[in-house]
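The chains referred to below are lettered A, B, ... by the order of the sequence lines, with proteins before strands, and numbering in each begins at 1.
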Amino acid sequence: QTPKQPLRIGMTFQELNNPYFVTMKQALEEAAASIGATVVTTDARHDVAKQIGDVEDMIQKKIDILLLNPTDSTGVQSAVRSAKKAGLIVVAVDANAQGPVDSFVGSKNIDAGRLACEYLAKSIGEKGDVAILDGIPVVPILERVKGCREALAKYPGIKVVSTQNGKQERATALTVTENILQANGNLKGIFSVNDGGSMGALAAIEASGKDVKLASVDGAPEAIKAMQKPGSKFIATTAQYPRDQIRLAIGIALARKWGANVPAAVPVDVKLIDAEGAKTFSW
Amino acid sequence: MNATATHPTPPAPDGGLFTQLRRSTAFLPLVGLVAISVFMIVATDNFLSWGNVQNIALQSSINAIIAVGMTAAILTGGIDLSVGAVVALSGTLASGMMVQFGLPPMLAVPLGLAVGVVIGLFNGYCVAYLRMPPIIVTLATMGIARGIALIYTGGYPIDGLPDSFAFLGGGVLAGIKVPILIMLATYLVAYVLLNMAPFGRYVYAIGGNEEATRLSGVRVSRYKLLVYALSGFTAAVAGIVQAARVTSGQPGVGVGFELDAIAAVVMGGTSIAGGRGAIVGTLVGALLLGVLNNGLNMIGVSPYLQLIIKGGIVLLAIFISREAKR
Amino acid sequence: MNATATHPTPPAPDGGLFTQLRRSTAFLPLVGLVAISVFMIVATDNFLSWGNVQNIALQSSINAIIAVGMTAAILTGGIDLSVGAVVALSGTLASGMMVQFGLPPMLAVPLGLAVGVVIGLFNGYCVAYLRMPPIIVTLATMGIARGIALIYTGGYPIDGLPDSFAFLGGGVLAGIKVPILIMLATYLVAYVLLNMAPFGRYVYAIGGNEEATRLSGVRVSRYKLLVYALSGFTAAVAGIVQAARVTSGQPGVGVGFELDAIAAVVMGGTSIAGGRGAIVGTLVGALLLGVLNNGLNMIGVSPYLQLIIKGGIVLLAIFISREAKR
Amino acid sequence: MTSSAQEMLRLEGVSKRFPGVKALSGIDLSIRKGEVHALLGENGAGKSTLMKILGGIYQADEGRIFIEGGERQFAGYGDAIAAGIGIIFQEFSLVPYLNAVENIFLGRYLRNRFGLMDKAAMKRSAQALFDELGVQIDLGVPICRLSVAQQQFVEIGKALSLDAKLLVLDEPTATLTPNEAGHLFRIMRELRARGVAMIFISHHLDEIFEVCDRISVLRDGANAGHAEVGATDVDALVEMMVGRRIEHSFPSKPQPAPRGRKVLEVPEIQLAKGGPVNSFDLHEGEILGFAGLVGSGRTELALGMMGADRVHRKTVLRNGQPVRLNDPTQALANGIGLLPESRKVEGLITDFTIRFNISMNNLGSHKRAGLVSQRSEKQSATELSKRVGVKAPGIETRVATLSGGNQQKVVIARWLGHDCEVLIFDEPTRGIDVGAKAEIYGLMRELTRQGKSIVMISSELPEIVGMCDRVAVFSGGAIVATLEGDAINSGDIMRHATSSGGLQ
Ligand SMILES: Nc1ncnc2c1ncn2[C@@H]1O[C@H](COP(=O)(O)OP(=O)(O)OP(=O)(O)O)[C@@H](O)[C@H]1O
Ligand SMILES: Nc1ncnc2c1ncn2[C@@H]1O[C@H](COP(=O)(O)OP(=O)(O)OP(=O)(O)O)[C@@H](O)[C@H]1O
Ligand SMILES: O[C@H]1[C@H](O)[C@H](O)OC[C@H]1O
Ligand SMILES: [Mg+2]
Ligand SMILES: [Mg+2]
């Protein structure tokens with residue numbers, strides 16, 4: 001086409017009322033501005049059907065690069081196909097997608113669950129009842145739970161007494177945790193699959209006055225802040241790096257566009273942040 | 001022609017308290033609540049502990065508060081789908097006022113409530129004066145209110161609320177959690193409004209026969225306006241309590257709350273066609289749903305199965321309390 | 001003294017085609033569709049390209065198909081909130097049959113449709129024979145159907161569907177995408193059913209005056225049963241198309257679809273109180289919503305702002321087409 | 001009772017109890033083939049209930065139904081139709097958004113060979129039906145756009161199209177003018193000649209003598225007697241129905257006619273652009289009649305005047321002061337109240353109790369500290385319902401369970417308790433029995449003696465003549481004459497009412 005045409009980047013998010021993704025969006029806009037690219041973003045609100053439609057619209061809008069944060073890894077594959085057919089570069093971010101994606105940039109989610117739950121296990125003295133606050137069944141979340149269970153399984157004194165779905169959202173996580181606390185009088189720890197849910201769980205723990213420790217994944221600002229409160233029950237969160245994921249994704253996409261062979265997956269390291277580490281951490 | 005008002009069996013003016021209760025639309029829901037509670041007591045360990053009873057009331061409080069305004073809207077033959085979005089908007093707005101502008105809760109809370117009333121007035125204006133169908137008006141304002149909340153917060157939760165505000169969500173007064181007290185106060189006021197003040201009579205009348213009410217000289221449009229304002233207000237109250245409970249203003253909170261509130265209202269015996277029902281029934285309906293949620297969690301039923309059981313119990317409850325055929 | 005019924009201007013028996021259109025409840029929605037399309041043509045680059053037009057039709061197809069059954073339910077004065085969950089259930093079930101049991105699509109698809117009809121019949125039975133309120137019955141079956149879909153799949157999407165099935169979602173026939181053809185076929189059948197077969201008149205009659213219809217000897221309960229079965233069926237058709245489009249059975253898909261379908265029906269000029277409306281209007285309403293979604297994405301409006309604009313346009317559309325006062 | 005080959009229908013010992021009311025006890029009734037049988041009784045006597053039992057809509061608690069000698073049981077109206085029974089219901093059984101054709105054939109649509117509706121064939125036979133009835137009806141528009149009288153003819157046509165052997169007509173003339181009623185009677189005579197048996201219910205006793213052969217009277221749900229038309233008269237029938245003689249139906253008019261100050265002046269009112277411009281005044285203590293044919297625009301003018309409907313242009317003065325009347329609330333605030341023409345649709349909240357219906361727009365006078373004082377409300381409702389003579393177990397009875405006449409009295413009671421000075425009574429005695437009518441007339445005079453003024457819209461000439469101090473006669477939407485004194489007589493009113501409208 002016309003060479004003057006600025007590069008167009010489209011990104012479809014699974015949701016946009018989670019700081020994690022809003023931060024990604026900011027990083028995307030900053031990065032795009034620095035290379036003179038235009039950006040469109042859409043919000044699937046956890047609806048694969050809407051996500052596919054959003055992608056189709058962006059194809060019509062003739063974007064060059066599609067950054068895809070799938071709300072469901074299998075469900076979006078027809079969108080991936082359409083995008084590839086239209087000649088777009090497709091890079092999945094945060095969660096991988098099926099279909100011919102050019103690359104995937106995402107956290108090492110098994111590590112994320114394992115690190116958080118090892119820390120949790122040690123903090124409760126390697127024994128006692130633990131609950132898992134689950135989330136939406138997408139690969140990254142499933143992997144975190146898997147990593148967590150693997151870690152906990154190493155401690156015979158620890159028993160996972162309840163797994164409930166907090167929908168990664170504060171209000172739901174709050175009531176679910178209240179019920180978990182009611183039903184399990186001896187609970188010692190809770191693992192939440194992300195910080196959206198952890199903040200609800202924390203509110204419930206604090207209100208109950210019980211000594212239940214909480215570990216999570218993300219490193220979201222509100223979690224970092226909560227951990228630093230003296231005597232906080234929120235003891236650790238495995239940080240992901242949303243800004244870096246975006247920067248890497250754009251880099252990979254450009255490289256691909258210029259003709260490079262890019263790796264099929266770019267796993268991003270995660271890092272356990274405890275109360276001490278929280279003092280200096282931010283996304 | 002024998003003059004009139006012959007009372008073959010003059011019924012006791014009001015009947016005893018029990019008779020009155022028995023006749024009320026709230027009676028069967030109450031029976032349902034008791035039945036399910038008994039079941040839960042048997043099926044779980046500490047269902048009836050003071051802690052768990054408070055827990056249930058606490059968890060029902062948000063829905064119960066929203067359901068007050070929803071009851072009024074449904075009694076007039078309308079509905080309000082925007083309540084969930086109003087919960088988000090009022091909560092984020094009040095939070096923003098406190099965190100970003102440093103307003104004290106004393107000022108921020110009224111502002112949060114005011115935004116609910118404004119949305120309610122807008123709904124009411126469209127329904128009452130522009131004669132647009134409530135279901136679609138409030139569906140539209142649902143999107144609008146949610147959009148404003150998201151734009152206002154940029155999608156982030158607003159954190160760092162003062163402790164004096166968090167008290168509204170987690171505090172204890174006279175041994176009872178504050179949200180429960182707020183819920184009870186809301187119902188008390190609503191009871192007086194709907195059963196003892198002219199306002200309530202008009203609400204029922206509009207739902208019973210709007211045209212007749214209008215022709216008799218009642219300002220139907222104004223009362224409908226007020227009803228939606230009330231619904232916006234109670235949704236905003238719930239939004240404040242919700243924000244205080246999670247100590248942050250969440251732009252994404254409240255999705256689907258409208259359906260929970262409708263379920264509470266209808267489970268409580270109010271006719272979805274308007275004109276018939278009782279506010280007390282709504283409280284019972286909300287508690288019934290709360291008991292179900294809590295009890296199934298306590299028993300340890302899987303979340304997926306819970307959906308089915310809850311659906312089944314809602315059906316059963318409505319089946320039992322549906323109006324007798326003809 | 002001349003007998004009754006003198007008409008100042010005796011209207012032409014049926015009027016020309018345009019007059020008929022002009023009188024139809026679908027007229028104003030059509031004007032709205034044209035107006036918004038013109039705006040989008042001006043505001044975006046290639047809105048009117050064949051690719052984008054197909055795109056819009058494709059994206060509207062799921063909602064449009066669901067809205068067929070919803071139209072029938074609303075015309076009788078009812079509603080069906082279970083459609084979104086039925087989309088998930090029929091899609092996962094059909095997918096499961098193909099992937100786990102190796103059934104060919106020829107058998108799996110009818111099974112998926114059958115489960116929709118079963119849920120619809122259940123809804124209809126509760127509404128028509130047990131006289132339970134539609135909104136709450138279908139709210140309950142919404143939970144039940146969703147729960148079954150989640151239990152059946154364990155919460156995971158069912159993957160690995162055969163290409164012959166995926167054709168239903170992505171294939172092209174005579175230059176047109178298959179979901180669009182399915183949508184058109186559904187509307188054609190619905191048009192005949194609702195406008196030319198006795199069934200349709202009974203649907204309108206029930207919504208217009210159920211008691212009178214019953215008195216006329218129409219088997220009201222049976223037709224209501226059929227209406228909900230139809231709604232379950234079209235939701236299941238949408239579920240199959242949806243599964244084929246995302247080439248997987250998704251237990252979580254379809255949340256909130258009921259509201260989109262209601263919006264399409266009401267935007268299409270059908271009265272939410274029943275008795276009045278047109279199936280063509282519903283198609284127009286669904287396309288209108290599709291154009292909005294697509295156009296706002298094409299313009300590049302931020303997703304948050306989109307919520308507000310869409311709400312505003314829905315309001316505007318209903319405001320313009322609302323019934324004139326009295 | 002003896003059965004004979006001539007007998008079409010026999011009811012034996014039919015009883016029906018509703019919660020709190022014994023509607024029918026041991027009713028016997030016998031109808032011959034080819035006769036028109038009048039069924040009379042006060043409001044609430046049980047006429048409609050008996051007919052609904054005959055139609056399978058209600059089930060009798062006791063009693064047997066014989067059709068042409070054979071015992072039958074009907075589970076629903078469909079069964080009754082199949083047995084040759086057709087009913088013209090007191091409450092319309094029409095679907096507002098369907099057209100006349102679709103209404104008439106509802107439940108029995110003709111199909112073409114594809115199983116689809118044969119619209120053309122149905123339209124043809126509907127047209128033939130209305131031609132036979134001698135009425136002109138637009139078959140293409142939803143019937144809610146037709147006038148009440150036209151709807152009544154659709155209802156009649158619907159029952160006739162059943163080709164019933166036994167036709168029940170439950171107060172079909174309540175919404176018809178004498179002339180239109182005449183049409184109906186002609187058709188009834190034709191049907192009789194063809195051997196169709198008919199049960200005719202009406203509160204217009206003169207009509208009974210015009211079309212009926214025999215008469216059965218119900219009183220308080222029991223048989224009160226039978227009579228041959230030739231061997232009885234109105235007074236005797238009234239006594240059978242009411243159990244006593246009714247001396248004068250109309251209270252005497254004050255002489256000379258009241259001519260107090262003008263409480264209401266309408267120097268100009270034009271409903272629609274280009275339509276007729278009308279004017280009228282109402283004096284204190286007077287009853288002003290609005291007479292005219294059904295559809296002549298009386299209701300519309302009244303509703304427009306008080307702000308219930310939009311009008312193009314109007315000026316209204318109350319006690320000499322111009323007032324703004326944009327809705328019924330403003331009318332009420334200016335002391336103008338309405339008793340609407342259709343009590344069920346526009347007057348009552350049938351789900352509410354008698355008490356709530358009476359106090360509904362008068363809660364202000366029962367307020368204590370901003371709340372409704374139940375005691376004051378109950379006291380006043382009890383007193384008012386006694387004054388108008390509502391027959392009901394008590395003031396907490398749901399209005400839905402009352403007979404039509406008693407429902408009407410509840411609406412009247414509402415206005416008796418109100419301090420409105422100007423009352424618009426639209427067809428106040430429609431469907432009201434003779435006894436109750438006399439009471440309502442008495443109540444109206446009582447109101448005017450208290451200084452209130454009444455506009456009475458009525459299609460019944462005798463009551464216009466008997467009650468009104470002045471009469472405005474409508475034709476084609478225009479007031480074509482205003483009569484007073486001796487000029488108020490049937491002949492003059494009809495002459496003006498049938499003159500070509502709009503010109504004076
Ligand atoms: N569905 C019902 N529930 C309770 N009571 C009823 C019901 N229908 C009728 N009634 C009562 O039965 C009695 C007979 O009513 P019905 O309607 O048969 O009177 P009617 O003779 O037709 O009077 P009208 O001349 O006013 O039409 C009345 O006392 C009425 O209140
Ligand atoms: N087919 C029609 N379509 C639309 N409007 C009509 C039609 N027929 C009559 N109208 C209007 O509706 C009005 C109401 O009719 P209605 O039968 O109530 O007559 P009315 O003169 O108001 O008096 P009343 O009903 O008291 O006899 C009529 O005045 C007439 O202008
Ligand atoms: O990695 C992200 C995850 O996919 C989820 O949806 O919530 C936020 C993050 O934890
Ligand atoms: Mg009757
Ligand atoms: Mg009239």
Need one label for [X]: side chain, backbone, both or neither, based on atoms under 4.5 Å from any heavy atom in chain B.
X	value
Thr172(A)	neither
Ser162(A)	neither
Asn18(A)	backbone
Glu178(A)	both
Lys225(A)	side chain
Glu15(A)	neither

Under 4.5 Å to a heavy atom of chain A? For Ile299(B) that would be neither

Turns out that what part of Thr153(B) lies under 4.5 Å from chain A's heavy atoms comes down to neither

Looking only at heavy atoms, which two atoms of [X] and [Y] are closest? And how far apart?
X	Y	value
Val253(B)	Ala171(A)	CG2-CB, 3.4 Å
Asn17(A)	Pro251(B)	CB-CG, 4.3 Å
Glu222(A)	Asp159(B)	CB-OD2, 2.7 Å

Note: vs chain A, highest number of non-hydrogen pairs under 4.5 angstrom among Ser49(B), Gly51(B), Gly170(B) is Gly51(B)

Of the listed Thr163(A), Asn184(A), Asn179(A), Ile180(A), the one with the largest count of heavy-atom pairs under 4.5 Å with chain B is Asn179(A)

From the list Met199(A), Arg45(A), Arg170(A), the residue making the most non-hydrogen contacts under 4.5 Å with chain B is Arg170(A)

dist Asn294(B):CG -> Gln182(A):CD (nearest 0.5 Å) comes out at 7.0 Å

Those residues of residues 81-102 of chain B that come under 4.5 Å of chain A on a heavy-atom basis, listed by number, are none

For residues 171-184 of chain B against chain A, heavy atoms under 4.5 Å, the residues are Lys177(B)

